[in-house]
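Structure record follows, encoded as structure tokens.
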Amino acid sequence: MPGKLKAKIVAGRHLPVMDRASDLTDAFVEVKFGNTTFKTDVYPKSLNPQWNSEWFKFEVDDEDLQDEPLQITVLDHDTYSANDAIGKVYIDIDPLLSSEAATVISGWFPIYDTIHGIRGEINVLVKVDLFNDLNRFRQSSCGVKFFCTTSIPRCYRAVMVHGFVEELVVNEDPEYQWIDRIRTPRASNEARQRLISLMSGELQRKIGLKVLEMGGNAVVGYLQCFDLEGESGLVVRAIGTACTLDKISNTYAPASAINPCNSSPSKDTKEAGFGEEAPGVPLSSGPPTPLRAQTFSSFSPSKSYSRQSSSSDTELSLTPKTGMGSGGSAGKEAGPLKALLRQQTQSALEQREFPFFTLTSFPAGFLLHVGGVVSARSVKLLDRIHNPDEPETRDAWWEEIRQEIKSHAKALGCHAVVGYSESTSICEEVCILSASGTAAVLSSRFMQDGALDMDHRFEDLAPPGCGFCHIPYDELNMPFPAQLTYCHCCRRFKVPDVLFTTIDLPTEANVTGKGCLIQARLCRTKKKAQGEGNATAISNLLPFLEYELHTQLMNKLKLRSMNALFGLRIQISIGENMLLGLASATGVYLTPLPSPGGIQIAGKTPSDITYEQHISNMQKKINDTIAKNKELYEVNPPELVEEVIGSPIPEPRQRSRLFRSHSESSDEVSELDLSHGKKDAFVLEIDDTDAVEDIHSLLTDAPTPPGFYSCNTEIMPGIYNWTSALQMFTSVRVFRLSNVNLTNQGLNKVFNDLCENLLKSLYFKLRSMVPCCLCHLNFTVAVPEDELIQVAVTAVAMSFDKEQTLENGRQSCDKTLMKAITENEEQLQFPLELTAESSSNPLSSAKGLSEVSGALPSARAPSVDYSSFTDRCSSWIEQLRLKAHTIRRGSIKTMSSLEKASPLPEGRSRSLRSNRSYAGGSVAVVKMTPLSFIPGTKIIKYLGIINMFFIRETTSLREEGGVSGFLHSFIAEVFAMVRAHVAALGGNAVVSYSMKECVFMENPNKNQAQCLINVSGDAVIFVRESELEATPPQPQSASTQTSSSGEGT
Amino acid sequence: MSVELDVFVGNTTIMDKEVYQLWLNGYTVNDAVKVRIEGGVMEECEASAEVLLSDTMDQFRTFQMCERLLQNPAKLANQLLFQIPPDRQAMLIERYYAFDDAFVREVLGKKLSKGTKKDLDDVSAKTGITLKSCRRQFDNFKRVFKVVEELKGPLVENIKQHFLLPDQLARDYAAIVFFANNRFETGKKKLQYLTFQDFAFCAGQLINYWTVGAVDNMVEDMDVDLDKEFLQDLKDLKILITDKDLLDQHKSLVCVALRGKTKVFNEMEANFKNLSRGLVNIAAKLTNTKDVRDFFIDLVEKFIEPCKSDKWTSTDVNLYLTHYTNSAHILDTFKHQTVWTRYMGVIKSCILRMYHE
């Protein structure tokens, strides 16, 4: 009996009238946890009852505490008939189970009914007394902290990053059980909400157990998803990155708030050219384009892999990896030592079942090189889940995909995958499982203890601003054809001509100009089919879809004179008769990479004069657009100067490849005519109908209106001085295709227009915030039924200060950069010592270089081909040396900043207090943002994860304002409930907020509609930086839009 | 092919003042879009008509969802559904309760009943204000009326507190409630020249000096009902016109005071008895509810019109009323000084306000 949960029902307000005769309500409350229920007295004849109940006490196992929500039901007492339910509140008490999060939940919660929406509010107090349980075999994992944030949360520092954790649980969907035919929609919805809440709790608990086994204390980048598989069941699955985090006691870490950048710089992302597939890997591919589609009509149950993996993960991660971590870039000196080192890191990672990280931004020095996007998809036929306790099939499916991802990463010369995510799209009984990430080479810093010296010795070669761009694979044995040039920054290592990644732009990256949102949109018709036939048809279409998306992305990137994509997210949605593909990413010009060539249009029939004219017109348009874009995004790379400086670049001429051909599927790579690659510009042949389409879509993208920028990542390069004006929003559109016989082209246009118009509407709506940037623009597409396309967007608009941008953009950029680095170092200091003690693995004990090199080689998995590694090693080691320098420098800075910060805790506590008291008064302002930070503020406490699932249904659609009115109020209600929960935890903001699911179904003929929404985020307390520094804290002023001064804000 | 569903929800509710006004004015979405296009917002922001339509629909829907809260402004501040900054909340409320002078003139003094509501289409046709807007304004009047009807304490304060309205608007509402309660006739042709603000001013005077609240400030309806005792006492003033000596004495006192000070002295002297009879009769009849209703029309007919036809200026009227009031105090046999002051103070300021040259 390790816990006592206590709840007190204080009062209600704004209750609905339940008794028509008196226009009043006789309300009472049932408080339920597990199987225990308490009731308050009936408070007669009032819409604002004051129950002021005793403390209801539940004595429960901590396992239940984690799984179960506290369920509060408000009812209207009726003497003669059954009591009518007014609505419910589910309270997740998980935040109370961690000592570092919230200590009490207290506040007004909206009373929610799945049919009527919010009906009044109830004031509740909840506390938990937890007794320590030292039982090793316990089933609970209380105390493990969960973060949606995909970077090391501000105000923590990473001691160790253990690696990938995953779990899934399945159940029957109550909506599809036989009993659903006889129960009311309300009962059915509530059963579903409750089940999902239970399943999420269970999932979180199980993941927590894995984390504890691994020796960690937190999950970062926690991503939980639902698969509503209809008849075949309900799957709740989650992935995350297990870490050991340490709270930074001294809270004044400068970087957190100030810049948009991630707190952890130093990743190295390097891109592999994408587009080409690794020849040896026929399945999904490497770079962004890879498409892998398979149909499996039969499923061989494999062993429950999640369980297995947990144990293996554990051992591995406990063991820090040794070896060095630098990834390779091409270099010529070979050193056996270095080779060994690299192999060690690699092998350490390889021992893990899946060296995956859901993080998208990293502590300094963690990410060394980036190889490119790796993705895998597979098409599956759903069958009924027979035994919910053995979700083997689903586990096996995901394992298959993850293996594929892992092999793609290997093909790119990388031993890890970062920015990893998984998703599904389901239509009837066909399901596409997708996974994608960025192949990368990581430093061992956060995974081992012994390599410190090596790091110091070898890391000095990789300059922080460009190191991540250097290729990790072997130049002579490239996984795909790419044009390599010497890095424009350091001139020592090779870089690819384009880089696609799924991670955020590393803070320290050298970027020229600003970035922008780039989207590729595609719609393909498909014949209606059933079962296997359908799955086959989809599998066949997938490669083309991905290829086209990739081509579009590449063209749009060139059109903007940019050479890298960050935050790439490709979403494929299936409908009965079409497939939708939407790729979103943020394009930037990475200074280390070569400048992209232009786009050249070629016609096949040069004889025709009018035709030529047509072509030259188009060419001119394209050239104009490129020129305009260069100006707009301030892309002015100092090309000439660089060339003059001279350096050893062998082929100064920029070449661009013809990706069209490159990105064909892997088997064709060898047949490519590489001569195209020698041309100055990317060539679009206009005879090709596809090309016409491409050009069309290229030119129809309207530029963003003046004063607006947009990106789908956390930070926008080139903008640093954010004000505190912040507007998070969700926008949903559903488009009906009434014309059934649309061609692919017609569909494309419709889809493209839909997205473009949506963006235009957003710009218009937010025009009062100009100059402003829409950050973290997250598009989700779906095909809810025949002829319907649904697009949902969640993003945050943030204002910035224009003058400063112009005048000191560069300067402040540098400053923030420095700050960020400093901070990161701060977060990281001493990670090595700490890890040394905790690890029990023999490998980790290796302190010296020689020891390590001696111990490890044999440990490697034999299947990997390391033949080319020797070449690379030398350069890695050089990089290592460089890194080591940085590290030393960094930690010194850290110390000083820490000292400076010391007087602050006082201010923090003060503001905390005032914050709390404010919450008691009128409604406290709660900010929401999909980003992991709020400009101009400092996050001083994480209160726990918010993970909420709601269903809303109506049988009076017209009366509620039609579908738009219905969804509008539902989304507003969801926001309100999120804010209320955060406020009750004592928080004033939600960061890393996302709407992961928005399933909307309607039946206008029956006047009915139903919608499911799943949202998540991290509840936090922030304080304004200005308050921290000087003035007395007034957290509630959060709502006022004071523009913060100074750099970066 | 059509957009079937289109919503935008911000964590902070986005509301455009201009669109809000169009909504309040009762425009349809399409009309509102037209107005916005004419306003040039499209050129400013490079928007298309489609974008404008989507934005307008969305905001109209938001306002509609807020309307329930606006009808109970106190709820707006502690509801959880919409996160609206306090200054925005104040703006929303103030504008929601704002009304058109043309409209209020049509219903001022009428019973705020269903019957009146049914006639709103006529009002709409006459004033050019959309029926929707008329209904909103009418419902606002009625809502405020119903709430304050049952409250103790000063009318204006109650309105301010319950509807969170700024001072001036609260005073206007107090006037509307007061007029509706006493059913003052304001629609007659002869009263058409008076603006709402004229009436509101008069209402303020009546509320401050003639209601129960002027004497006792903790009674129910204190500011809405006229002080019955006072009205009863007004009957005593009749002596000023029924007693011939008193009347003559009063006249001569006024004439002495005014001689040489006004150009209309002769007319004044000739008319004195008529005017005095008019004013005193009004006072004496106020115990009758029906005569209370005709209070303003009586003032116009019995006093303002005669003066106008004799071309008195406002200054003349002011001078006359001042001395007319003061002279009565000098009359030895006139014992009702307090009632007289209370009566004439209000009459004088009302007449001055209603006397348009």
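Each chain gets a letter, A, B and so on, in the order its sequence line appears, and its residues count up from 1.
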A:Glu1002, part contacting chain B, at a heavy-atom distance under 4.5 Å: side chain

Side-chain donor-acceptor pair present, B:Arg36, B:Tyr27, cut-off under 3.5 Å: no

Greatest number of heavy atom pairs closer than 4.5 Å to chain A - which of B:Arg61, B:Met65, B:Gln64: B:Arg61

Test item: side-chain donor near acceptor, B:Gln21 and B:Asn25, under 3.5 Å: yes

Contact winner vs chain A - B:Val41, B:Thr62, B:Leu81, heavy-atom pairs under 4.5 Å: B:Leu81

Pair B:Asp31 + B:Lys34, salt bridge at N-O below 4.0 Å: yes

Residue pair B:Asp100 / B:Gln137, side-chain donor-acceptor N/O under 3.5 Å: yes

A:Leu758, part contacting chain B, at a heavy-atom distance under 4.5 Å: neither

Among the listed options A:Met728, A:Arg733, A:His968, the residue most often paired with chain B at heavy-atom distances under 4.5 Å: A:His968

Option that, when pairs with chain B are counted at under 4.5 Å, heavy atom only, ranks first among A:Leu788, A:Ile971, A:Val978: A:Ile971

Toward chain B, the part of A:Glu973 with a non-hydrogen atom under 4.5 Å: both

Heavy-atom proximity to chain B below 4.5 Å, by part of A:Val926: both

Part of B:Asp58 within contact of chain A (heavy atom distance under 4.5 Å): both

Under 3.5 Å side-chain donor-acceptor pair for B:Tyr96 and B:Glu67: yes

N/O donor-acceptor pair under 3.5 Å between A:Arg979 side chain and B:Leu80 backbone: yes

Options A:Met928, A:Gln790, A:Lys765, ranked by heavy-atom pairs under 4.5 Å with chain B, top entry: A:Lys765

Side chain / backbone / both / neither for A:Phe1000 at chain B, heavy atoms under 4.5 Å: side chain

Partner chain B: residue of A:Ala976, A:Pro705, A:Ser731, A:Ser964 with the largest heavy-atom pair count (under 4.5 Å): A:Ser964

From B:Ser133 atom OG to B:Leu24 atom CG, the distance as rounded to the nearest 0.5 Å: 7.5 Å

Pairwise distance CG(B:Asn140) to CG(B:Leu70) - rounded to 0.5 angstrom: 9.0 Å

Under 4.5 Å from any heavy atom of chain A - which part of B:Glu50: side chain

Side-chain donor-acceptor pair present, B:Thr116, B:Asp119, cut-off under 3.5 Å: no

